[in-house]
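In what follows, a structure is listed as structure tokens, so that the remarks can point back to it.
Note on naming: letters A, B, ... go to the chains in the order of the sequence lines (proteins, then strands), and numbering restarts at 1 for each one. Excluded from the calculations below are hydrogen atoms, water molecules and symmetry mates; all remaining heavy atoms, backbone and side chain alike, are included. This structure is a prediction, so every number in the text was calculated from the model and none was measured.
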2 protein chains.
Amino acid sequence: MANPLTRKLEAFAPLPEADRRLIDDICRNPRDVGPREDLIREGDDPRDVQLILEGFACRYKLLPNGRRQITAYLIPGDFCDLHVFILRAMDHSIATLSPCRAVAIPRHRVLELTERPAIARALWWASLVDEAVLREWLVGVGARGADERIAHLLCELLMRLRTVGLATDGAYELPITQAELADTVGLTHIHVNRVLQRLRAEGSITLKGKQLVILDVDKLMAFSGFDVNYLHLSESNGKKEPCR
Amino acid sequence: MANPLTRKLEAFAPLPEADRRLIDDICRNPRDVGPREDLIREGDDPRDVQLILEGFACRYKLLPNGRRQITAYLIPGDFCDLHVFILRAMDHSIATLSPCRAVAIPRHRVLELTERPAIARALWWASLVDEAVLREWLVGVGARGADERIAHLLCELLMRLRTVGLATDGAYELPITQAELADTVGLTHIHVNRVLQRLRAEGSITLKGKQLVILDVDKLMAFSGFDVNYLHLSESNGKKEPCR
DNA sequence: CCGAGAAGTAAACCTAGGTTAACGACATGG
DNA sequence: CCATGTCGTTAACCTAGGTTTACTTCTCGG
């Protein structure tokens with residue numbers, strides 16, 4: 001299967017063959033990381049950039065009151081901390097959720113990437129999309145009820161996983177605990193459970209183990225007020241095949 | 001008073017004199033915009049970039065359920081939509097809150113800015129800070145109680161306004177309605193009112209008309225779990241004078 | 001194949017914040 | 001100087017979601 005970073009960037013625009021090879025080359029020596037391990041901690045000044053190749057990771061912040069808020073999911077093809085070039089210290093932490101495969105890319109190799117115009121533009125695009133996703137999460141937590149909020153998240157993950165080839169139709173693997181989901185959407189794990197029960201009961205989803213199936217994607221999107229628009233996928237993407 | 005954009009960017013690193021002059025030049029013909037006016041609407045493909053010179057504006061999103069979520073405050077020195085160069089359509093709207101003075105900067109002039117290395121780096125920094133602020137808002141809405149959430153926002157605004165010279169000590173002008181605050185923090189305007197009453201009663205703040213005074217800044221920061229860190233101000237900034 | 005911890009479920013009960021409905025205090029403009 | 005509208009304030013009542021506790025079902029190492 002194609003490199004997830006390549007797939008993701010090509011959701012913006014196709015890359016020259018040479019760029020794809022560069023990306024492949026950079027991903028040569030990945031390492032495996034267990035679940036629930038910190039990749040970068042708040043306050044760190046990391047020296048290389050982490051790229052997720054397999055599994056789910058997240059950005060999160062711990063509060064004095066003991067609560068944790070997850071502010072982003074990092075899925076295959078996502079960079080952890082491109083900020084590194086500008087900012088001194090991390091203002092949040094990053095941890096794996098599931099077992100992951102990741103590469104630590106040293107600064108100079110990242111520069112090789114950004115010297116390729118097509119990649120540079122695509123990375124800029126990706127960072128704008130990340131910001132849009134963040135905004136959408138804020139909207140969800142601030143203004144959507146629990147059910148819509150979770151349904152919306154499931155739709156978003158579907159679309160994002162599709163672009164890296166990890167979802168077909170409405171089905172994908174969601175290697176995440178209900179408690180982690182709770183820290184994501186700002187609810188208790190118990191209430192998350194209630195919502196999932198409800199979504200199951202009304203026939204919207206199926207979720208056994210880590211296998212999620214959205215039974216009627218359009219319906220769930222309508223219900224949760226999901227509008228793909230904010231993911232800024234090129235027209236060639238989304239429902240159809242990635243551009244050749 | 002110095003140009004707010006210059007002041008803001010110099011919170012990252014000092015700019016060469018020529019860069020400052022360029023910024024001044026670009027801000028030559030501002031226009032006045034009344035309160036509650038849309039500057040850019042969701043779906044638009046705007047042709048120039050808006051820069052706020054005076055007043056408060058905001059990014060927001062309207063939901064099918066009729067609620068509105070404000071996802072960012074734009075204060076003097078903030079750009080509205082640098083995304084323009086990459087993305088086709090806005091995925092959210094931008095409106096003024098108070099009366100504003102703004103400049104519409106055509107694309108080619110923005111390019112002049114980004115050709116100056118010091119400015120380009122500072123703009124990159126600014127966009128990373130915007131993202132950090134967004135994350136912090138998400139943390140607030142997702143994991144802080146109403147009182148801390150609002151207190152935290154007031155602290156954040158204090159720090160941001162200080163860097164553009166619009167706050168001294170704990171005092172600044174907050175030209176925003178309680179209903180707008182409510183749409184920001186994900187509460188009802190009625191509950192926002194309750195919280196403000198409480199903060200007043202316990203002697204944390206003073207707020208008459210649009211004049212806000214935080215009576216004991218350190219105390220309010222401690223209470224709300226505010227850690228300046230995420231604004232990534234250079235050490236020379238924050239409490240002290242901007243670097244000469 | 002067994003045992004222990006992690007994840008999921010369930011039910012009873014509680015509270016932070018929402019809703020509704022007034023009313024008072026300013027503004028603004030005619 | 002009144003009329004009208006927006007903003008802030010209060011109070012009574014309500015509900016979505018939180019808390020607590022406990023039981024069940026996985027999972028996985030030994």
Side-chain angles (χ1 to χ4, degrees), chain A residues 34-37 56 63 65-70 95-99 140-153 173-202 205-212 224, chain B residues 34-37 56 63 65-69 95-99 140-154 173-202 205-212 224:
Chain A
R36 274 143 251 253
E37 267 183 45
F56 275 43
L63 277 77
N65 68 21
R67 299 179 71 116
R68 169 173 82 152
Q69 177 67 41
I70 292 177
T96 56
L97 292 165
S98 70
V141 179
R144 275 190 265 261
D147 297 42
E148 294 98 312
R149 199 184 307 175
I150 290 180
H152 194 279
L153 179 63
E173 194 187 347
L174 184 67
I176 275 185
T177 219
Q178 293 185 0
E180 291 162 339
L181 247 179
D183 284 349
T184 307
V185 293
L187 299 169
T188 3
H189 69 109
I190 276 202
H191 198 66
V192 166
N193 183 272
R194 294 199 267 248
V195 171
L196 291 177
Q197 298 299 347
R198 236 174 282 158
L199 291 177
R200 281 194 266 236
E202 64 190 42
I205 65 167
T206 264
L207 175 59
K208 20 180 120 83
K210 317 268 89 165
Q211 288 305 320
L212 175 78
S224 62
Chain B
R36 274 142 250 253
E37 267 182 45
F56 275 44
L63 277 79
N65 68 18
R67 299 179 70 117
R68 169 174 83 152
Q69 178 67 41
T96 56
L97 293 165
S98 70
V141 178
R144 275 191 265 261
D147 297 42
E148 294 97 313
R149 198 185 306 174
I150 290 181
H152 194 280
L153 178 64
L154 297 180
E173 196 186 347
L174 185 67
I176 275 185
T177 218
Q178 293 185 358
E180 290 161 340
L181 247 179
D183 285 348
T184 307
V185 292
L187 299 169
T188 5
H189 68 109
I190 276 195
H191 200 66
V192 166
N193 183 270
R194 293 199 268 247
V195 171
L196 291 177
Q197 298 299 346
R198 236 174 283 158
L199 291 176
R200 281 195 265 237
E202 65 190 41
I205 65 165
T206 265
L207 176 57
K208 19 178 122 79
K210 318 269 92 165
Q211 288 305 321
L212 174 77
S224 63

key: Contact check, side chains of A:Leu153 and A:Leu181, non-hydrogen atoms, under 4.5 Å   = yes
message = Without decimals, in angstroms, what is the distance between A:Glu180 CD and C:dA7 P?
response = 7 Å
ask   = Between atom CG in B:Leu97 and atom P in D:dC7, what is the gap in whole Å?
value = 11 Å
task = Heavy atoms only: give me the nearest B:Gln69-B:Thr184 pair and the separation to one decimal.
result = NE2-O, 2.9 Å
note = Tightest non-hydrogen contact, residues B:Ala151 and B:Ser224, listed as CB-CB, 3.7 Å
query = With respect to the phosphate group of D:dT6, does any side-chain polar atom (N or O) of B:Thr177 fall under 4.0 Å of OP1 or OP2?
reply = no
note = Residues of residues 140-151 of chain A with a heavy atom under 4.0 Å from any atom of DNA chain C, listed by number, are none
ask   = Would you say a side-chain N or O of A:Gln197 is under 4.0 Å from OP1 or OP2 of C:dG8?
value = no
query = Looking at DNA chain D, which of residues 182-195 of chain A put a heavy atom within less than 4.0 Å of it?
reply = A:Gly186, A:Leu187, A:Thr188, A:Ile190, A:His191, A:Arg194
ask   = Tell me: CG of B:Leu181 to P of D:dT9, nearest whole Å?
value = 12 Å
Where protein sits on nucleotides 25-30 of chain C, one letter per nucleotide: B base, S sugar-phosphate only, - none, heavy atoms under 4.0 Å = ------
query = When the distance from CZ of A:Arg36 to C1' of C:dA6 is rounded to whole Å, what number comes out?
reply = 8 Å
key: Closest non-hydrogen atom pair between B:Thr188 and B:Ala182, with its separation   = C-CB, 3.5 Å
Candidate list B:Val192, B:Leu196, B:Ile190, test side chain to side chain contact (heavy atoms under 4.5 Å, CB included), partner B:Arg194, passing option = B:Ile190
inquiry  = Under a plain distance cut-off of 3.5 Å, with no hydrogens placed, do A:His152 and A:Arg149 share a side-chain donor-acceptor pair?
reply    = no
ask   = Any idea which heavy atoms bring B:Arg144 and A:Leu63 closest together, and the distance?
value = CG-CD2, 3.5 Å
query = Is any side-chain heavy atom of A:Ile150 less than 4.5 Å from a side-chain heavy atom of A:Leu187?
reply = yes
task = Look at the side-chain N and O atoms of B:Arg198 and state whether any lies under 4.0 Å from the OP1 or OP2 oxygen of D:dT10.
result = no
ask   = Side-chain contact, heavy-atom cut-off 4.5 Å: B:Glu180 with B:Arg68?
value = yes
task = Start with the C-alpha gap between A:Arg200 and A:Ile205, add the side-chain angles, then the distance that decides, and say whether side-chain contact (heavy atoms from CB on, under 4.5 Å) holds.
result = CA-CA 5 Å; A:Arg200 281 194 266 236; A:Ile205 65 167; 4.1 Å; yes
request  = Check the distance between D:dC7's C1' and B:Gln178's CD and give it to me in whole angstrom.
outcome  = 8 Å
query = Looking at A:Pro175 and A:Glu173, what are the two nearest heavy atoms and their distance?
reply = CD-O, 3.4 Å
